Number of protein chains: 4
Amino acid sequence: MAGREQEILDAARKLFRQKGYYATTMQDIAEAVGLQKASLYHYIRSKEALLLQVAGETMRLFHAELDRIEAAGGSYAEQLAAAIRAHVRVVAEHQETLTVLFRESHALPPEHAEKVRGETRRYTRRLTDLIARGVAAGEFRPVDPGAACLAILGACNWMYRWYSAEGRLSPQEIADQFVQVILHGLVLPRGGPAGTPAGV
Amino acid sequence: MAGREQEILDAARKLFRQKGYYATTMQDIAEAVGLQKASLYHYIRSKEALLLQVAGETMRLFHAELDRIEAAGGSYAEQLAAAIRAHVRVVAEHQETLTVLFRESHALPPEHAEKVRGETRRYTRRLTDLIARGVAAGEFRPVDPGAACLAILGACNWMYRWYSAEGRLSPQEIADQFVQVILHGLVLPRGGPAGTPAGV
Amino acid sequence: MAGREQEILDAARKLFRQKGYYATTMQDIAEAVGLQKASLYHYIRSKEALLLQVAGETMRLFHAELDRIEAAGGSYAEQLAAAIRAHVRVVAEHQETLTVLFRESHALPPEHAEKVRGETRRYTRRLTDLIARGVAAGEFRPVDPGAACLAILGACNWMYRWYSAEGRLSPQEIADQFVQVILHGLVLPRGGPAGTPAGV
Amino acid sequence: MAGREQEILDAARKLFRQKGYYATTMQDIAEAVGLQKASLYHYIRSKEALLLQVAGETMRLFHAELDRIEAAGGSYAEQLAAAIRAHVRVVAEHQETLTVLFRESHALPPEHAEKVRGETRRYTRRLTDLIARGVAAGEFRPVDPGAACLAILGACNWMYRWYSAEGRLSPQEIADQFVQVILHGLVLPRGGPAGTPAGV
DNA sequence: CATGAATGAGTATTCATTCAT
DNA sequence: TATGAATGAATACTCATTCAT
């Protein structure tokens with residue numbers, strides 16, 4: 001059944017995150033699912049294949065969120081805010097997977113590593129395009145869309161290292177803060193009668 | 001001599017970054033410095049000690065920059081901008097070390113890992129405090145300083161994964177963009193006299 | 001059914017020859033007959049038993065041929081020639097089995113290996129006796145019958161390594177050549193009125 | 001030193017012969033030379049490399065003997081007799097190596113197996129040519145040189161299975177018998193008071 | 001009859017580290 | 001200082017075989 005395979009994948013993901021890919025032995029995984037080492041090989045081809053599956057799981061999610069958001073439309077600021085919120089949520093919900101992806105994907109054989117990197121690049125490009133369109137539309141400042149995108153992704157992805165479900169802020173709250181910082185910046189527009197920006 | 005020790009450290013850092021800590025063998029390091037495996041042990045205690053040294057190198061730098069900036073004074077926005085610029089510069093200049101730090105420090109034994117994490121936390125706190133003071137002084141929006149700080153650190157640290165000296169943007173330019181996004185946000189304040197409050 | 005068992009035996013023989021006994025897995029055999037690994041065990045006791053069966057198949061054939069030839073009678077030269085022809089034919093027809101027998105029978109457990117060797121020895125003895133009787137009768141040169149027998153068996157058995165159905169010579173032709181060499185030698189009797197021997 | 005490497009090679013050869021290549025473990029070899037398993041790898045690259053070395057050792061010897069014999073000249077019958085004697089001697093002296101070569105060389109990776117087979121073919125061709133020249137010169141019967149050569153090689157090589165230093169016949173005696181059978185055949189030329197062939 | 005699941009025992013190989021020279 | 005030799009411990013993976021269904 002797929003049940004056992006899923007159990008193995010879950011155990012592997014958890015262990016890879018806790019101890020790292022190399023430090024996790026097939027023995028560890030076997031014990032975690034209550035099987036003998038050899039029995040694992042009925043369900044998976046190799047340890048590496050396990051890593052590949054774990055690492056490959058997530059990019060889909062990000063793309064799906066972006067699809068949804070673009071379909072929903074709205075101003076660029078609204079779309080970008082939604083994208084940030086979605087990204088934060090995915091990172092919080094799949095922290096384990098993403099930790100493995102970010103920390104261990106270099107252990108994949110070149111071809112697979114390349115595939116994972118390709119997915120990542122594609123996602124980056126989509127987000128960059130969104131920003132570029134916002135800039136072109138005069139809705140965003142004339143920033144460099146590539147750099148801005150990487151700043152945003154960095155802020156969100158970095159969560160994999162510090163987020164905790166027991167932490168002070170909920171994913172929702174984190175997302176609110178990130179949106180505010182990224183969309184409006186930290187600095188209060190100085191005085192003047194001239195308007196402060198509209199809160200998105 | 002310290003010369004040899006430094007050579008070994010350099011080789012280790014480079015290899016740890018290229019192939020990862022586990023995938024790098026003492027043999028690799030020995031070949032890189034033109035010694036035999038066994039000879040390395042005249043200079044270093046163990047592979048782990050090597051990792052510890054590499055990983056421990058950098059936090060000092062960040063603190064030093066922050067010292068300098070705080071000593072120089074200026075508005076909170078100026079200080080924060082300077083901190084971002086400094087951070088970006090350090091990441092660009094020590095990408096190798098930071099890659100090892102970010103990716104491999106979990107391979108350290110608990111006590112050492114804790115020490116490294118402690119340094120990191122201390123740096124985060126200093127930056128958070130700076131933001132908190134800016135907020136208290138009414139210079140920054142009333143954001144959550146902790147979240148804002150982590151967003152900034154994420155944006156900057158994430159560079160370890162994508163920055164390339166041959167890339168399109170120089171560290172200087174990257175810093176400019178980051179400062180702009182983080183201090184002023186992406187969204188152009190909508191004109192008009194009618195100021196909307198800094199809601200959100 | 002015996003059908004399935006035979007199929008398995010055939011597949012095993014073929015694979016043992018192609019890849020060797022150790023390199024052939026039960027999986028390989030199962031795939032070759034379109035069953036699952038576990039299902040093989042309804043027909044056979046073990047992989048070793050399979051090898052034993054394959055290895056044991058052939059000696060019967062050699063003995064049967066010798067029975068037939070001795071029953072038919074004739075001069076010793078005629079009988080020996082017939083034995084060589086028969087042996088060559090059997091090797092050509094059962095090359096697969098004999099390859100396994102010659103190359104892999106040492107993988108059998110001592111007792112079975114001994115049994116196979118016993119059969120081989122018995123065949124060798126019968127052929128040696130035939131030669132010895134020919135020598136005693138003054139029909140053959142006063143050679144050492146044991147050595148002569150092993151020379152003959154070597155020449156014939158070695159075919160397992162080089163014979164090919166697509167080769168230049170048919171088994172019949174090979175047998176003709178072997179008979180000629182073994183019965184009359186390579187060297188042409190020098191001159192003299194004395195005739196060349198009758199071609200057997 | 002080469003000493004240890006040679007010891008390992010000797011142990012491997014002996015064990016490969018006794019138990020077969022697959023049934024011999026690196027542990028066995030290590031114990032035989034009084035080292036730990038891991039230590040073997042200071043001297044050899046892999047188990048397979050060990051087999052290759054053992055298997056590759058012998059063909060050189062056969063060629064060297066043939067060189068010597070052809071240089072010495074003499075009638076074709078004399079040369080062939082010398083070749084047979086030499087071959088018998090080499091087999092007796094290197095039975096261990098040849099057993100491994102004949103029985104286990106199919107365990108080599110294709111490219112190396114091919115190389116070994118190439119050497120074998122070259123030796124066969126040289127011997128075939130010698131016979132062919134003898135036939136052309138009218139010194140040998142008009143046999144098929146290829147078949148005759150394979151008969152001879154079979155007779156000699158087969159010794160790897162039955163020869164024993166403690167056996168009834170010395171290599172010298174075996175060679176005498178083989179030469180007699182192959183050069184003059186088993187059958188006594190019938191009739192006439194006239195000459196028996198020259199005993200070579 | 002057939003098989004999916006499970007396993008125990010085994011196997012080559014790697015690697016950081018030690019130590020006598 | 002430098003190293004060749006040696007090793008203990010670990011590790012992923014294989015495979016013949018068993019058994020409940």
Side-chain angles (χ1 to χ4, degrees), chain A residues 1-5 8 21-30 33-51, chain B residues 1 3-5 12 21-30 33-51 107, chain C residues 1 3-5 12 21-30 33-51 107, chain D residues 1-5 8 21-30 33-51:
Chain A
M1 300 203 176
R4 265 296 161 84
E5 203 179 331
I8 293 172
Y21 174 69
Y22 282 104
T24 299
T25 70
M26 293 306 277
Q27 184 65 257
D28 292 335
I29 298 174
V33 296
L35 283 177
Q36 289 304 109
K37 242 187 327 184
S39 309
L40 296 178
Y41 289 86
H42 273 273
Y43 301 96
I44 59 150
R45 193 181 301 280
S46 68
K47 191 186 173 188
E48 206 176 82
L50 219 37
L51 174 59
Chain B
M1 301 202 176
R4 268 293 164 86
E5 202 180 331
Y21 174 69
Y22 280 101
T24 299
T25 71
M26 294 304 276
Q27 183 67 256
D28 291 334
I29 298 174
V33 297
L35 283 177
Q36 289 305 108
K37 246 186 326 183
S39 310
L40 296 177
Y41 289 84
H42 283 278
Y43 302 97
I44 60 154
R45 193 182 302 278
S46 68
K47 191 187 175 189
E48 204 176 84
L50 218 37
L51 175 59
Chain C
M1 304 205 170
R4 267 292 164 86
E5 201 179 333
Y21 173 69
Y22 280 102
T24 300
T25 70
M26 294 304 277
Q27 183 66 254
D28 292 334
I29 299 174
V33 297
L35 283 177
Q36 289 303 109
K37 247 187 325 182
S39 310
L40 296 177
Y41 289 85
H42 283 278
Y43 301 96
I44 61 154
R45 192 182 302 279
S46 69
K47 190 186 175 189
E48 203 176 85
L50 218 38
L51 174 60
Chain D
M1 302 203 174
R4 265 292 160 80
E5 204 179 331
I8 293 171
Y21 174 69
Y22 281 103
T24 299
T25 70
M26 294 306 277
Q27 184 67 256
D28 292 334
I29 298 174
V33 295
L35 282 178
Q36 290 303 110
K37 243 187 327 181
S39 308
L40 296 177
Y41 290 85
H42 272 274
Y43 301 97
I44 60 152
R45 193 181 301 276
S46 67
K47 191 185 174 189
E48 205 177 82
L50 218 37
L51 174 59

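Only this structure's heavy atoms are used, side chains among them; waters, hydrogens and symmetry mates stay out. Proteins come first, then strands; the chains are lettered A, B, ... in the order of their sequence lines, and each starts at number 1. This structure is a prediction, so every number in the text was calculated from the model and none was measured.
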Next on the checklist: Reading DNA chain E from 5' onward, which residue's closest nucleotide shows up sooner: D:Gln27 or C:Gly34?
Outcome noted: C:Gly34
Checklist entry - Relative to the 5' end of DNA chain E, which residue comes earlier, B:Met26 or A:Lys37, by the nucleotide with the nearest heavy atom? => result A:Lys37
Next on the checklist: Can you tell me the base-pairing partner of F:dC15? Count Watson-Crick or G-U wobble geometry only, both distances below 3.5 Å, and say none if there is no partner.
Outcome noted: E:dG8
Item to check | Assigned partner base of E:dT13, Watson-Crick or wobble definition, under 3.5 Å | outcome: F:dA10
Next on the checklist: Output the rounded distance in Å from OH (B:Tyr43) to P (E:dA16).
Outcome noted: 19 Å
Item to check | Value in whole Å for how far the P atom of F:dG4 lies from CD1 of D:Ile44 | outcome: 19 Å
Next on the checklist: From CD of A:Glu48 over to P of F:dT11, roughly how many Å is that when rounded to an integer?
Outcome noted: 17 Å
Item to check | Non-hydrogen side-chain atoms of A:Lys47 and A:Thr25 separated by less than 4.5 Å | outcome: no
Next on the checklist: Both distances below 3.5 Å, Watson-Crick or wobble geometry, any strand: find the nucleotide opposite F:dT21.
Outcome noted: E:dA2
Next on the checklist: I need the CG-C1' distance between D:Leu50 and E:dT11, as an integer number of Å.
Outcome noted: 15 Å
Next on the checklist: Less than 4.0 angstrom between a side-chain N/O of D:Tyr41 and OP1 or OP2 of F:dT7, yes or no?
Outcome noted: no
Checklist entry - Taking OP1 and OP2 of F:dT1, is either one under 4.0 Å from a side-chain nitrogen or oxygen of B:Ser39? => result no
Next on the checklist: Without decimals, in angstroms, what is the distance between D:His42 NE2 and F:dA6 P?
Outcome noted: 8 Å
Item to check | Nearest heavy-atom neighbours spanning C:Ala12 and C:Ile29 | outcome: CB-CD1, 4.0 Å
Next on the checklist: I need the OH-C1' distance between D:Tyr22 and E:dA9, as an integer number of Å.
Outcome noted: 19 Å
Checklist entry - Starting at CG of A:Leu40 and ending at C1' of E:dA5, how long is that distance when rounded to a whole Å? => result 13 Å
Checklist entry - How about D:Met26 and D:Leu40: do any of their side-chain heavy atoms sit closer than 4.5 Å? => result yes
Checklist entry - Should D:Leu35 and D:His42 count as side-chain neighbours, where that means a heavy-atom distance under 4.5 Å? => result no
Checklist entry - Of the non-hydrogen atoms in C:Tyr41 and C:Ser46, which two are nearest, and what is the gap between them? => result CE2-CA, 4.3 Å
Item to check | Residue whose closest nucleotide on DNA chain F lies nearer the 5' end, A:Lys47 versus B:Gln36 | outcome: B:Gln36
Checklist entry - Phosphate oxygens OP1/OP2 of E:dC1: is one of them under 4.0 Å from a side-chain N or O of C:Arg4? => result no
Item to check | Residue mapping more 5' on DNA chain F - nearest nucleotide basis, D:Leu35 or A:Arg45 | outcome: D:Leu35
Item to check | Residue C:Thr25, side-chain heavy atoms: nucleotide from E:dA2, E:dC19, F:dA16 that is nearest | outcome: F:dA16
